[in-house]
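One is the number of the first residue; the rest follow in order along the sequence. Note that the structure is a prediction, hence the values are computed from the model and not measured.
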Amino acid sequence: MSGPRTIVVAGAGIGGLTASLALAARGFRVIILEKAERLEEAGAGLQLSPNASRVLIDLGLGDRLAQRAVVPDAVTVMSARSGRALVRLPLGEAAARAGAPYWVIHRADLQSALEAQVVAHPSIDLRLGCLFEDFASHARGVTVGQRRRTERKQEAALALIGADGIWSAVRGQLFPAAQPRFSGLIAWRGTVAAKALPQADARTGVQLWMGPDAHLVVYPISGGRLVNLVAIVPDDWNREGWSAPGDPRDIRARFAAAGWTDAAQKLIGAVDSWKRWALFAMPDGGVWSAGATALLGDAAHGMLPFAAQGAGMAIEDAAVLAQCLGDSHGGPTAGDALSVPASLQRYAQARRARVARVQRLARQNGKIYHLTGPMALARDLAMQALGGERLLARQNWVYDWRL
Ligand SMILES: Cc1cc2nc3c(=O)[nH]c(=O)nc-3n(C[C@H](O)[C@H](O)[C@H](O)COP(=O)(O)OP(=O)(O)OC[C@H]3O[C@@H](n4cnc5c(N)ncnc54)[C@H](O)[C@@H]3O)c2cc1C
């Protein structure tokens, strides 16, 4: 299916699938190379704020996602010491103002909705079990080398988009010096049946528990049947990937030793099966495009998850990338190869400052959530004095983004 209007996307994660739909909607043919034989997502949730949900709705995914997502009423910030709610941020009002929903969703639900839309699209060829290996640039664009088991193939394309995650092979070839850094923190992730939880409010909204050197995020997914838990703790375990099992006794003991309130310990104790994910991040800024190749999502800017915006930024990237390529390729022809590098540069330019600001926000949030002693007390008082609505209004610049 390759030809002058073809774009190869390496990686069928949230970023790669969204980018493929956005590019196809602008008249491109897309080949997606995905090394996994099947698209599976570990049992974990995702918060999708209005800036991201709006893009997905515009791509025609609204109905499919609304059936699976939960619309949380609020984010409640909880004290790990007292077990009390410190402040409540009313998400419904933020979503109404932004004109798009705030969703919490199982990753597998988002991924399967994207996959179904991709598979149904006549201009997209999703190749599972197909590894991106290398590429060569030339005047007509790029030639992309791929491998399925022992068979190697090459594909000519107008552009190559590296949406292959934080350990990106495309980035490795393009900018070998750009490397993710380990944060010294790991995420423990698990799900539990909602009816097994003692606290009703953990089934309807997002809870953010802040404690010394750690925090815990809890929210419903899968139409409210499951509750997703993410516990962030310091550690020097720094393996790649996100499906390493974690011993429930280990995480329970940590939260007990740190003096977390009973209510929080009961939430942790309700999960029988945990996965661990070492948190790596790319440095801010960096270069995301060279010639007819560009990076998108975690490949470009993998970030700490404390602003809940990594996937959101990948989704925004996808919309902007398609717009930049589409603007100069209203009716793509062979000659358009000449303008691709400039379009990709425009894309990177359009995204860099906003993404760097979100990366900073995520780091800052992590520090605030993990404060100890008098600083933690001051934080709690300041949050209460400010109140939920004003705290939430500080996110307006994130949520109100539009293409
Ligand atoms: C604990 C935690 C909580 C989070 N919570 C949120 C949240 O609430 N909201 C939010 O917006 N974000 C959140 N994130 C961030 C979010 O998960 C990521 O930013 C997002 O999944 C990145 O998507 P991506 O498509 O760029 O990369 P990935 O999802 O990593 O996808 C990359 C794809 O490329 C494939 N691939 C890799 N190499 C190759 C190759 N050589 N050839 C072919 N295919 C290849 C992989 O198999 C994979 O399918 C969280 C992250 C963590 C760790």
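Side chain of Arg127 to backbone of Lys35: no donor-acceptor contact under 3.5 angstrom is found. Listed for the Ser79 side chain is a donor-acceptor partner under 3.5 Å among the backbone atoms of Ser82. Using a distance-only test at 3.5 Å, with no hydrogens or angles considered, a donor-acceptor pair links the side chain of Gln173 to the main chain of Phe135. The backbone N or O of Pro245 lies less than 3.5 Å from a partner atom in the side chain of Arg276, making a donor-acceptor pair. A donor-acceptor contact shorter than 3.5 Å links the side chain of Glu34 to the backbone of Ala12. For Arg360 (side chain) and Asp284 (main-chain N/O), no donor-acceptor pair under 3.5 Å exists by modelled atom type. Proximity of a side-chain donor or acceptor of Asp125 to a complementary backbone N or O of Ile31 within less than 3.5 Å is not detected. Looking at Arg152, its side chain never comes within 3.5 Å of a backbone N or O of Gly145 through a donor-acceptor pair. Remark: side-chain polar atoms of Ser168 are not paired, donor with acceptor, to backbone N or O of Asp164 under 3.5 angstrom. Checking side-chain atoms of Arg225 against main-chain N and O of Ala194 turns up no donor-acceptor pair under 3.5 Å.
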*Intermediate values then yes/no, salt bridge (charged side-chain N to carboxylate O under 4.0 Å, His left out), Arg38 and Glu115*: CA-CA 11 Å; Arg38 287 197 304 144; Glu115 186 182 5; over 6 Å; no
*Show your reasoning for whether side chain to side chain contact (heavy atoms under 4.5 Å, CB included) applies to Gln309 and Ser49.*
CA-CA 8 Å; Gln309 285 296 328; Ser49 48; 2.7 Å; yes
*Evaluate side chain to side chain contact (heavy atoms under 4.5 Å, CB included) for Leu344 paired with Leu321, printing each intermediate quantity in order.*
CA-CA 7 Å; Leu344 295 180; Leu321 174 82; 3.6 Å; yes
_Evaluate Leu46 against Val104 for side chain to side chain contact (heavy atoms under 4.5 Å, CB included), listing each step before the verdict._
CA-CA 6 Å; Leu46 208 56; Val104 285; over 6 Å; no
*Stepwise, does the side chain to side chain contact (heavy atoms under 4.5 Å, CB included) test hold for Leu65 with Leu56?*
CA-CA 9 Å; Leu65 293 176; Leu56 297 172; 3.9 Å; yes
*Start with the C-alpha distance between Arg254 and Asp250, add both sets of side-chain angles, then the distance that settles salt bridge (charged side-chain N to carboxylate O under 4.0 Å, His left out), and finish with yes or no.*
CA-CA 6 Å; Arg254 279 171 187 248; Asp250 181 359; 3.4 Å; yes
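Side-chain contact annotation: Glu155 with Thr6, donor-acceptor N/O pair under 3.5 Å absent. Looking only at atom types and distance, the side chain of Gln265 has no donor-acceptor partner in the side chain of Arg252 under 3.5 Å away. Counting only N and O atoms by type, the side chains of Trp209 and Gln207 include a donor and acceptor under 3.5 Å apart. If you check the side chains of Asn51 and Glu316, you find a donor sitting under 3.5 Å from an acceptor.
For Arg84 and Asp380, the salt-bridge test fails: no basic side-chain N is under 4.0 Å from an acidic carboxylate O.
Residues passing the salt bridge (charged side-chain N to carboxylate O under 4.0 Å, His left out) test with Arg357, sequence neighbours excluded: none. Listed by chain and number, the residues in a ring pair (Phe, Tyr, Trp, His ring centres under 6.0 Å) with His215 are Phe306, Tyr369, His370 (sequence neighbours excluded). Judged as a ring pair (Phe, Tyr, Trp, His ring centres under 6.0 Å), and not counting sequence neighbours, His121 has no contacts. Looking at residues two or more places apart in sequence or on another chain, you find a ring pair (Phe, Tyr, Trp, His ring centres under 6.0 Å) between Phe255 and Trp260. Every residue meeting the ring pair (Phe, Tyr, Trp, His ring centres under 6.0 Å) condition with Trp167, not counting sequence neighbours, appears here in chain and number order: Phe280.
For the atom pair CD1 (Ile32) and CG (Leu17), the distance works out to 5.0 Å, reported to the nearest 0.5 Å. Put simply, CD on Glu389 and CZ on Arg394 are 14.5 Å apart, with the number rounded to the nearest 0.5 Å. Atoms CG and CE, on Leu361 and Met303 in that order, are 9.5 Å from each other to the nearest 0.5 Å. The line from CG of Leu114 to CG of Leu126 is 11.0 Å long, rounded to the nearest 0.5 Å. Taken from CZ in Arg363 to CG in Leu304, the straight-line distance is 7.5 Å, to the nearest 0.5 Å. Interatomic distance, CG of Asp213 versus CG of Leu185, reported as 9.0 Å (0.5 Å rounding).
The shortest side-chain heavy-atom distance between Val398 and Arg354 falls under the 4.5 Å cut-off. Side-chain contact between Ile268 and Leu216 is present, with at least one heavy-atom pair separated by less than 4.5 Å. Side-chain contact check for Val70 versus Tyr219: every heavy-atom pair is 4.5 Å or farther apart. Arg147 places none of its side-chain heavy atoms less than 4.5 Å from the side chain of Phe132. Inter-residue side-chain proximity for His301 and Asp317 is flagged as met; some heavy-atom pair is nearer than 4.5 Å. Here the side chains of Ile315 and Ile14 are in contact, with some heavy-atom distance below 4.5 Å. Annotation: side chain of Asp327 is in contact with side chain of Arg346 (closest heavy-atom distance under 4.5 Å).
When the shell of 6.0 Å around CD of Gln349 is examined, it contains 12 or fewer heavy atoms from other residues, nucleotides or ligands. By the 6.0 Å contact criterion, CG on Asp63 is open, its count of non-hydrogen atoms from other residues, nucleotides or ligands being 12 or less. Counting non-hydrogen atoms of neighbouring residues, nucleotides and ligands closer than 6.0 angstrom, the CZ atom of Arg181 reaches no more than 12 such neighbours. The number of heavy-atom neighbours closer than 6.0 Å to CZ of Arg68, taken from other residues, nucleotides and ligands shown, is 12 or below.
A side-chain contact (heavy atoms from CB on, under 4.5 Å) with Val170 is found for one member of Leu296, Val9, Asp134, Leu160 and no other, namely Leu160.
In plain terms, the two heavy atoms of Ala80 and Gly211 that are nearest each other are CB-CA, 3.6 Å. Closest approach of Ala299 to Gly162, counting heavy atoms only: CB-O, 3.5 Å. Between Ala74 and Pro90, the shortest heavy-atom distance links the atoms CB-CA, 4.2 Å. Looking at every heavy atom in both residues, Ile251 comes nearest to Ala231 through CD1-CB, 4.2 Å. In terms of heavy atoms, Trp288 sits closest to Tyr347 at CE3-OH, 4.1 Å. Nearest heavy atom pair, residue Ala52 against residue Gly312, reads CB-CA, 3.8 Å.
Under the 6.0 Å distance and 45° angle rule, Arg189 does not count as a cation-pi partner of Trp274. Cation-pi geometry between Arg351 and Trp401 is satisfied (NZ or CZ under 6.0 Å from the ring centre, within 45° of the ring normal).
Among residues at least two apart or in separate chains, side-chain hydrogen bond (donor to acceptor under 3.5 Å, both in side chains) pairs with a member in residues 89-103 are Gln47-Tyr102, Arg97-Asn396, Arg97-Asp400.
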